[in-house]
Protein chains: 2
Amino acid sequence: MSIEDKFDALFKALGHRARRQILDLIKDGPKTTGSLCDALPDLDRCTVMQHLSVLESAGLVVAERRGRERWNHLDALPIHDVQKRWIGPYAAHAVAVLDGLQALAAPEAPALEAADKSDD
Amino acid sequence: MSIEDKFDALFKALGHRARRQILDLIKDGPKTTGSLCDALPDLDRCTVMQHLSVLESAGLVVAERRGRERWNHLDALPIHDVQKRWIGPYAAHAVAVLDGLQALAAPEAPALEAADKSDD
DNA sequence: TTGACATGTTATAATTTTATAACATGATTG
DNA sequence: CAATCATGTTATAAAATTATAACATGTCAA
């Protein structure tokens, strides 16, 4: 799986509100699939499980089997990667544009604070 | 359109590599639709236009018509919002877990640097 | 061990997304 | 003005996603 496949999977996983809700539900600690279903009464149990498997494929959820329960843990590391490559640089671009520094707002490089470093 | 609709659209827009490529292509300045098509030879022109309209719906691209050309500008502000609500807090969660501070790694609040502030 | 329980699996319908094709519009240019 | 060019529109096929249903598996507890 290429790095772009990984980012595809990640953004797609984050692209459904139910899945983001699930992440919020497990951010303070793991939850069982059953308790997640209870917290999402609008969704069928199967649908919740499908969303969990999407999150798991994206590496955002790690499942731990304990007896007949499945405890779903958050792993936010992939989000750290996406922040580093995409969200961070583009968010900086937005701030730079607001500050009227549009010309040097190139998302790829952290060009804002490093403007004094003149080698390239 | 609710805030969750907005985040849905945003993450979905970022969830296709061709669209992320387009963002990278216009990050240093606007480009015409034609030059974007040239830069993405694997994609049909109609497909590129569909991707552009997805990006436009998500608020990431603003089109400016000049004569018979369409100049596609990046607007990274929505990415700043997504960073603030989702990516930033969860990336902080990942770092906190790596630092062994898992117990207080609650993505919603910036609980890491503010650990000395004891009111809640 | 039997029955309830939590979860998993397979199949399928409905919807959305992605990629093209065919045709249309308005602008530039010779 | 006619031809070309850049883009827009509508329709459609293929693929992926989302939501359910029906059935299966393994676990716990009386």
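Every chain is numbered from 1, with letters handed out A, B, ... down the list of sequences.
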Rounding to an integer number of Å, can you tell me how far [X] [atom1] sits from [N] [atom2]?
X: A/L52; N: C/dA6; atom1: CG; atom2: C1'; value: 13 Å
X: A/N72; N: C/dA6; atom1: CG; atom2: P; value: 15 Å
X: A/E56; N: C/dT7; atom1: CD; atom2: P; value: 14 Å
X: B/R20; N: C/dT18; atom1: CZ; atom2: P; value: 11 Å
X: B/F11; N: C/dT17; atom1: CZ; atom2: P; value: 16 Å
X: A/D42; N: D/dA19; atom1: CG; atom2: C1'; value: 13 Å
X: B/R17; N: C/dT17; atom1: CZ; atom2: P; value: 18 Å
X: B/Q50; N: C/dT16; atom1: CD; atom2: C1'; value: 12 Å

Looking at residues at least two apart in the chain, or sitting in another chain, which of them share a side-chain hydrogen bond (donor to acceptor under 3.5 Å, both in side chains) with A/Q21?
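side-chain hydrogen bond (donor to acceptor under 3.5 Å, both in side chains) list for A/Q21, sorted by chain: empty.
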Nearest nucleotide by nearest heavy atom, which residue falls closer to the 5' end of DNA chain D, B/R70 or A/V54?
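Between the two, 5'-proximity favours B/R70.
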Side-chain hydrophobic cluster, 4.5 Å single linkage: members besides A/V54
none
With ILVMFWY side chains joined below 4.5 Å, transitively, what does B/L77's cluster contain besides itself?
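Hydrophobic cluster check, B/L77: joined to A/L98.
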Got a sec? Which of residues 29-41 of chain B come in under 4.0 Å of DNA chain C, heavy atoms?
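When residues 29-41 of chain B is checked for heavy atoms under 4.0 Å from DNA chain C, there are no hits whatsoever.
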Looking at [N], I'd like to know if its phosphate oxygens (OP1 or OP2) sit under 4.0 Å from a side-chain N or O belonging to [X].
X: A/H51; N: D/dT17; value: no
X: B/T47; N: C/dT18; value: no
X: B/H16; N: C/dA19; value: yes

Pair A/K6 + A/E4, salt bridge at N-O below 4.0 Å
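A/E4 and A/K6: not salt-bridged.
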Between A/R17 and A/D24 (salt bridge meaning N to carboxylate O under 4.0 Å), is one present in this structure?
no
Identify all pairs in which a protein N or O lies below 3.5 Å from an N or O of nucleotides 21-30 of chain D, and state each distance.
residue: D/dT27; atom: O2; partner: A/R68; partner atom: NH1; Å: 3.3

Parallel, tilted or perpendicular: which describes the rings of B/Y90 and B/H93, with under 30° parallel and over 60° perpendicular?
tilted
Would you list the atom pairs, donor with acceptor, under 3.5 Å between side chains in residues 55-62 of chain B and any protein atom, with sequence neighbours excluded?
residue: B/E56; atom: OE1; partner: B/R70; partner atom: NH2; Å: 3.2
residue: B/S57; atom: OG; partner: B/S53; partner atom: O; Å: 2.9

Are B/W71 and B/L36 joined in one hydrophobic group, where the rule is that I, L, V, M, F, W and Y side chains link up if heavy atoms are under 4.5 Å apart?
no
State plainly whether one hydrophobic cluster holds both B/I26 and B/L40, where clusters connect Ile, Leu, Val, Met, Phe, Trp and Tyr through side-chain heavy atoms under 4.5 angstrom apart.
yes
